[in-house]
Amino acid sequence: MSPDSTPTLRPNYDVLAIRRDFPILAREVFGKPLVYLDTGASAQKPRQVIRAMTEVMEETYSNVHRGVHFLSQACTDQFEAARETVARFINAPEADEIVWTRGATEALNLVAATWGRANVGPGDRIVISTLEHHSNIVPWQFLRDETGAELAVIPVDDAGEVDLDAYAALLGDGRTKLVSVTHVSNSIGTVLPIREMARMAHEKGALFMVDGCQAAPHMAVDVQELDVDFYCFSGHKTYGPTGIGALWGRKALLDTMPPYQGGGEMIAHVTFEKSTFKAAPHKFEAGTPAIVEAVGLGAALDYIEAVGRDAILAHETDVAEYARERLAAVPGVRIVGHARERGAIVSFTMDQAHPHDIGTIIDRAGVAVRAGHHCAFPVMERFDVGATARASFGLYNMKSEVDRLVEALDEVAEIFGR
Ligand code: 7TS
């Protein structure tokens, strides 16, 4: 089959117009047009986000929630409007259920530290999966070590799908207090059956948290339809800035959770004897927040919605599936992860070369992929690879860029000998 390297131009999906919104995509690397296939690590930023952040700093910037003056009010309105945008983006019932965090990592740590310490004790169990990023492993290890709880792991099969029978068995005895899993695996692309898994957890009285880092930028997320209890994601992976992310939690849960950090913004009243705290979400947001970044994230989510999440998913799936097909045909390439439901991530190894060598050589051809363990050591161990090369796709990628990747891999094969 001759590869079709033309961009996927659907009636409502003009990838070339989208690319023009991302200034960095026009640059060259080592004299070659940049092919950015590392959106899973961090997404590039459209002008709309850059402009929204610049405008805040040029026109309305001030600290939020503190001043009576014009700018403080204006900036607070923008900051809180961004919270509403996040709520709408994941269909949260109320904007007050959105807690600003630095990213998914902080959101996971927040839930482990506040909900966890208040609700988990010896003999209780937290369940995660083999597919987790380290940020959905380590905070639960802290909690386990502090409380004497057990941390159990749902295994995955050779395709990279979670073993639902093993999961059911882990839930069986009713000791599981919380299940926390990724929506989409960052290392091998598996999409987890969140709705089904949340239903199973709830039937056994456990809460359900989702790390939505690799899902929020790529597919429609509806926390009410998924019927989960906590959901989090990072701004920088959703075409927004670094330093900002969001945690959604059911109001009834957030209301009963103790604060995370102490400081300004989160208190109702302070004396040296005792402090009282604001209601959620503010009790979890000590200190001056990432104001400009929150507004930037709001602009990024508006951008994603304007392109259309169903259209993005269809486009990215098309490009990623094309990549799987073309990579599988490269001699010596082994794709890791073959789940039936998969996101826009393709992880692979090559007989001839270490992933770091692959990444370094193709970088010279302008192609940026990530090489390493992807902060998911247990996945590497499960699939018996030390590392993989990973191409991860965003709404701006094209099939012609996959062709560039494959051409660059030919060069790797030449250097290392077939
Ligand atoms: N969870 C998942 C599923 C992730 O992919 C990442 C980052 C995180 C959590 C942590 O996000 P942060 O924004 O708080 O750092 N993943 C990756 C990656 O795949 N390559 O670089 C970072």
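Numbers here are sequence positions counted from 1. All values reported here derive from a predicted model rather than from experimental measurement.
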Next on the checklist: We want to know whether Gln214 and Thr182 form a side-chain donor-acceptor pair, criterion being a heavy-atom distance below 3.5 angstrom.
Outcome noted: no
Checklist entry - Does Thr238 reach the side chain of Leu301, with side-chain heavy atoms less than 4.5 Å apart? => result yes
Item to check | Contact check, side chains of Asp227 and Phe208, non-hydrogen atoms, under 4.5 Å | outcome: no
Next on the checklist: Enumerate the side-chain hydrogen bond (donor to acceptor under 3.5 Å, both in side chains) contacts for residues 147-158, please, sequence neighbours excluded, ordered by first and then second residue.
Outcome noted: Arg125-Glu150, Glu150-Arg175, Asp158-Arg382
Next on the checklist: Between Asp145 and Trp140, is there a side-chain heavy-atom distance shorter than 4.5 Å?
Outcome noted: no
Item to check | Reference residue Val367; test side-chain contact (heavy atoms from CB on, under 4.5 Å); the match among Asp38, Ile362, Val29 | outcome: Ile362
Checklist entry - Under 6.0 Å from the NZ atom of Lys204, do we count more than 12 heavy atoms belonging to anything else shown? => result no
Next on the checklist: Can you tell me if Glu94 has over 12 outside heavy atoms packed within less than 6.0 Å of its CD?
Outcome noted: yes
Next on the checklist: One thing to verify: whether Glu97 and Arg250 come together as a salt bridge, which I'm taking to mean a side-chain N less than 4.0 angstrom from a carboxylate O.
Outcome noted: no
Next on the checklist: Restricting to non-hydrogen atoms, name the atom on Ala149 and the atom on Val120 that form the minimum distance, rounded to 0.1 Å.
Outcome noted: CB-CG1, 3.4 Å
Checklist entry - So, are Asp351 and Arg334 salt-bridged, with charged N and O less than 4.0 Å apart? => result no
Next on the checklist: Do the side chains of Glu203 and Arg199 get close enough for a salt bridge, i.e. N-O under 4.0 angstrom?
Outcome noted: yes
Next on the checklist: With a 4.0 Å cut-off on N to O distance, would you call Glu285 and Arg83 a salt bridge?
Outcome noted: yes
Checklist entry - What closest approach, in Å, do Val86 and Ala246 show between heavy atoms, and which atom pair accounts for it? => result CG1-CB, 3.8 Å
Next on the checklist: Taking CZ in Arg364 as the centre, count heavy atoms belonging to other residues, nucleotides or ligands within less than 6.0 Å. Is the count above 12?
Outcome noted: no
Item to check | Residue from Val153, Val179, Leu178, Val181 passing side-chain contact (heavy atoms from CB on, under 4.5 Å) with Val127 | outcome: Val179
Item to check | Residues Arg88, Asp302; criterion salt bridge (charged side-chain N to carboxylate O under 4.0 Å, His left out); working and verdict | outcome: CA-CA 10 Å; Arg88 191 183 65 236; Asp302 284 343; 3.0 Å; yes
Checklist entry - Should the pair Glu161-Arg340 be classified as a salt bridge under the 4.0 Å nitrogen-to-oxygen rule? => result yes
Item to check | Thr388 and Ser347 side chains, donor-acceptor separation under 3.5 Å | outcome: yes
Checklist entry - Do Asp96 and Ile98 touch side chain to side chain, with heavy atoms closer than 4.5 Å? => result no
Checklist outcome for this item: Nearest heavy-atom approach of Asp163 to Ile154 is O-CG2, 3.6 Å
Checklist entry - Can you name the residues that form a side chain to side chain donor-acceptor pair (under 3.5 Å) with His65, not counting sequence neighbours? => result Glu80, Glu265
Item to check | Residue pair Ile24 / Tyr396, side-chain heavy-atom distance below 4.5 Å | outcome: no
Checklist entry - With sequence neighbours left out, what residues match Asn63 under side chain to side chain donor-acceptor pair (under 3.5 Å)? => result Thr288
Checklist entry - Is there side-chain contact between Cys232 and Thr101, with heavy atoms separated by less than 4.5 Å? => result no
Next on the checklist: For the CD atom on Glu305, are there more than 12 heavy atoms of other groups (residues, nucleotides or ligands in this structure) within a distance under 6.0 Å?
Outcome noted: yes
Next on the checklist: What I'd like to find out is whether the side chain of Val162 reaches to under 4.5 Å of the side chain of Tyr167, using heavy atoms alone.
Outcome noted: no
Item to check | Ion pair Arg404/Glu401, N-O distance below 4.0 Å | outcome: no
Checklist entry - Can you check whether Ala339's main-chain N or O pairs, donor with acceptor, with Arg342's side chain at less than 3.5 Å? => result yes
Checklist entry - Does Arg27 make a cation-pi contact with Tyr36 (under 6.0 Å, within 45 degrees of the axis)? => result no
Checklist entry - Counting heavy atoms not belonging to Asp384, are there more than 12 under 6.0 Å from its CG? => result no
Next on the checklist: Between Lys177 and Asp124 (salt bridge meaning N to carboxylate O under 4.0 Å), is one present in this structure?
Outcome noted: yes
Checklist entry - Using a distance-only test with no angle check, is there a side-chain donor-acceptor pair under 3.5 angstrom linking Asp403 and Tyr322? => result yes
Checklist entry - With a 6.0 Å cut-off on ring centres, are His373 and His134 close enough? => result yes
Checklist entry - Between the side chain of Lys237 and the main-chain N/O of Ala216, is any donor-acceptor distance below 3.5 Å? => result no
